[in-house]
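What follows is a short report on a single structure.
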Amino acid sequence: MVVTSSIRLLPSSLTSLVHHRSPYSRRLLRPSSISFPLSPIHSLSSNGIGEVDSHVDQSQVIFIGTGTSEGIPRVSCLTNPSTKCPVCTKAAKPGDKNRRLNTSILVRHSNGTGTHNILIDAGKFFYHSALQWFPKFGIRTLDAVIITHSHADAIGGLDDLRDWTNNVQPSIPIYVAKRDFEVMKKTHYYLVDTSVIIPGAAVSALQFNSISEEPFFVHGLKFTPLPVWHGQGYRSLGFRFGNICYISDVSEIPEETYPLLKDCELLIMDALRPDRSSATHFGLPRALEEVRKIQPKRTLFTGMMHLMDHEEVNDYLTKLLESEGLDAQLSYDGLCIAVRL
């Protein structure tokens with residue numbers, strides 16, 4: 001991988017964040033990047049991105065979570081008597097944009113038949129995220145859940161869907177690749193085979209639908225799987241819907257996936273930390289290299305760990321808009337983007 005000198009040289013503010021490392025961390029990691037702050041609601045269309053009339057009935061992408069599996073802040077940072085983690089200290093304050101739960105988005109698709117809420121991933125912290133954002137955005141039903149992969153931060157919240165199937169709706173369709181469904185048969189066996197449930201017990205009523213790497217439709221919206229590697233030999237799926245491409249967990253993009261990313265208007269992509277990548281995730285410099293290759297109109301990064309200070313990284317990446325015209329930045333939990341699908 002060729003890294004330009006402009007990527008290697010991090011500002012001192014970002015370097016100081018990188019130097020805050022746990023002595024127990026053994027991850028081998030690489031680089032990536034970002035840009036200017038986004039107002040709460042923007043429009044995305046073939047004519048570009050701009051402010052939208054809030055009275056116009058439009059589809060939306062809501063960022064339910066933008067953090068790692070363990071979430072931000074870390075308990076280990078907040079209880080460390082000798083070292084103060086600057087990002088976790090900020091994230092401990094309610095409303096801070098560094099406060100991040102498991103990576104997930106909700107697509108509110110409005111069409112002639114109404115509005116459908118399509119969730120991508122339900123991780124360990126899903127219920128906490130839903131508790132915070134669903135009332136705020138008026139989200140009542142879950143019309144489908146699409147799974148990217150079978151790690152706990154993507155499927156750990158499936159059990160919590162019982163609140164919906166017990167109290168709001170009879171069942172929820174789950175769209176999942178066969179390999180990940182095989183994992184669910186072990187981790188969530190009682191949701192797959194409900195015959196093992198003790199009589200009278202109420203668990204999530206889920207309808208499992210097997211997907212391949214071919215396009216499929218959910219309530220009239222076309223989803224095209226974007227196969228990527230999430231560590232050596234481990235397949236994860238991103239998804240394209242309309243001209244929006246979502247890739248939450250990625251360490252390598254196979255050559256055959258790049259054509260599926262052509263003419264992407266909004267790219268939502270994994271960027272773990274500011275200096276380098278890990279064996280399973282893009283870091284900011286590597287993610288920026290991919291942005292330059294894919295050439296979307298706008299990029300929002302997700303899946304950030306506690307070395308990624310929201311304000312400091314975005315301030316640094318603002319310069320990329322000025323120097324390269326590269327429109328990229330960090331997302332945050334609760335960000336809502338108005339889109340046309």
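Under a 4.5 Å side-chain heavy-atom cut-off, the cluster of Ile, Leu, Val, Met, Phe, Trp and Tyr residues that includes Phe125 is completed by Leu101. Other residues sharing the hydrophobic cluster of Val75, ordered by chain and number and joined by side-chain separations under 4.5 Å: none, the residue standing alone.
A donor-acceptor pair under 3.5 Å links the side-chain atoms of Asn167 to the main chain of Asp163, judged by distance alone. Between the side chain of Ser150 and the backbone N or O of Val183 there is no donor-acceptor pair closer than 3.5 Å. At distances below 3.5 Å, not a single donor-acceptor pair connects side-chain atoms of Asn98 with backbone N or O atoms of Val87. Looking at Gln169, its side chain does come within 3.5 Å of a backbone N or O of Leu142 through a donor-acceptor pair. The backbone N or O of Cys264 lies less than 3.5 Å from no partner atom in the side chain of Asn243, so there is not a single donor-acceptor pair. Of the possible polar contacts, one joining the Thr165 side chain to the Ala205 backbone as a donor-acceptor pair under 3.5 Å is found. At distances below 3.5 Å, not a single donor-acceptor pair connects side-chain atoms of Trp164 with backbone N or O atoms of Asp143. Put simply, the side chain of Ser59 never gets that close to the backbone of His109: no donor and acceptor are under 3.5 Å apart. Asn111 places a side-chain N or O within 3.5 Å of a backbone atom of Thr113 that can act as its donor or acceptor partner. Asn166 places a side-chain N or O within 3.5 Å of a backbone atom of Arg162 that can act as its donor or acceptor partner.
There is no side-chain donor-acceptor pair under 3.5 Å between Ser104 and Asn102. Side-chain N/O atoms of Asn117 and Thr115 include no donor and acceptor closer than 3.5 Å. With 3.5 Å as the limit, one finds no donor-acceptor pair spanning the side chains of Asp249 and Ser236.
A cation-pi arrangement is absent between Lys222 and Phe241, since the terminal nitrogen or guanidinium carbon is not both under 6.0 Å from the aromatic centre and inside a 45° cone about the axis.
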Quiz prompt | side chain to side chain contact (heavy atoms under 4.5 Å, CB included) evaluation trace for Val218 with Tyr175 | solution = CA-CA 9 Å; Val218 179; Tyr175 294 82; 3.9 Å; yes

Practice problem: For Asp153 and Lys124, run salt bridge (charged side-chain N to carboxylate O under 4.0 Å, His left out): C-alpha distance rounded to whole Å, both residues' side-chain angles, the deciding distance at 0.1 Å, then the answer. | Solution: CA-CA 5 Å; Asp153 58 352; Lys124 299 179 295 181; over 6 Å; no

Exercise. Go through the steps for Ile268 and Ile244 under the test side chain to side chain contact (heavy atoms under 4.5 Å, CB included), then give the verdict.
Key: CA-CA 8 Å; Ile268 304 169; Ile244 300 171; 4.3 Å; yes

Practice problem: Begin with the C-alpha distance, continue with both residues' side-chain angles, and end with the deciding distance and a verdict on side chain to side chain contact (heavy atoms under 4.5 Å, CB included) for Ile155 and Thr187. | Solution: CA-CA 9 Å; Ile155 66 170; Thr187 60; 3.8 Å; yes

Quiz item: For Arg292 and Glu289, what are the C-alpha separation, side-chain angles and deciding distance, and is it a salt bridge (charged side-chain N to carboxylate O under 4.0 Å, His left out)?
Solution: CA-CA 5 Å; Arg292 292 185 179 100; Glu289 291 179 17; over 6 Å; no

Quiz item: Yes or no on side chain to side chain contact (heavy atoms under 4.5 Å, CB included) for Tyr190 and Asp159, after CA distance, side-chain angles and deciding distance?
Solution: CA-CA 10 Å; Tyr190 58 97; Asp159 183 78; 2.9 Å; yes

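Partners of Glu311 under the side chain to side chain donor-acceptor pair (under 3.5 Å) rule, at least two apart in sequence or in another chain, do not exist in this structure. Residues passing the ring-ring contact (aromatic ring centres under 6.0 Å, His included) test with Phe208 are Phe181, sequence neighbours excluded. For the ring-ring contact (aromatic ring centres under 6.0 Å, His included) test, no residue two or more places apart in sequence or in another chain qualifies with Phe63. Considering only residues two or more places apart in sequence or on other chains, His230 meets the ring-ring contact (aromatic ring centres under 6.0 Å, His included) condition with His149, His151, Tyr234, His281.
Looking at Glu322 and Lys319, no side-chain N of the basic residue comes within less than 4.0 Å of a carboxylate O on the acidic one, giving no salt bridge. For Arg74 and Glu70, the salt-bridge test passes: some basic side-chain N is under 4.0 Å from an acidic carboxylate O. Checked for salt-bridge contact, Asp333 and Arg99 miss the test: no charged N lies under 4.0 Å from a carboxylate O. The pair Asp180-Lys178 fails the salt-bridge criterion, with no side-chain N (NZ, NE, NH1 or NH2) lying under 4.0 Å from an Asp/Glu carboxylate O. Using a 4.0 Å cut-off between charged side-chain N and carboxylate O, Arg298 and Asp327 make a salt bridge.
Between Ile139 and Leu106 the shortest side-chain heavy-atom distance falls below 4.5 Å. Looking only at side-chain heavy atoms (C-beta outward), Cys88 and His306 come within less than 4.5 Å of each other. Using a 4.5 Å heavy-atom cutoff, the side chains of Arg108 and Ile62 are in contact. Contact of the Leu206 side chain with the Leu161 side chain is registered, since non-hydrogen atoms from C-beta on lie closer than 4.5 Å. At a threshold of 4.5 Å between non-hydrogen side-chain atoms, the residues Trp229 and Arg235 count as touching. At least one side-chain heavy atom of Ile211 sits less than 4.5 Å from a side-chain heavy atom of Phe239. You'll find the side chain of Leu119 stays beyond 4.5 Å of the side chain of Val107, heavy atoms only. Using a 4.5 Å cut-off on side-chain heavy atoms (C-beta onward), Glu290 and Ile253 make contact.
Few gaps surround CD on Glu256; more than 12 heavy atoms of other groups in view lie less than 6.0 Å from it.
Closest non-hydrogen pair, Asp121 versus Thr103, comes out as CB-O, 4.1 Å.
From Lys262, atom NZ reaches atom SG of Cys245 across 13.0 Å, with rounding to the nearest 0.5 Å.
Phe216 and Phe223 have parallel rings, their planes meeting at less than 30° on a 0 to 90° scale where 60° marks the start of perpendicular.
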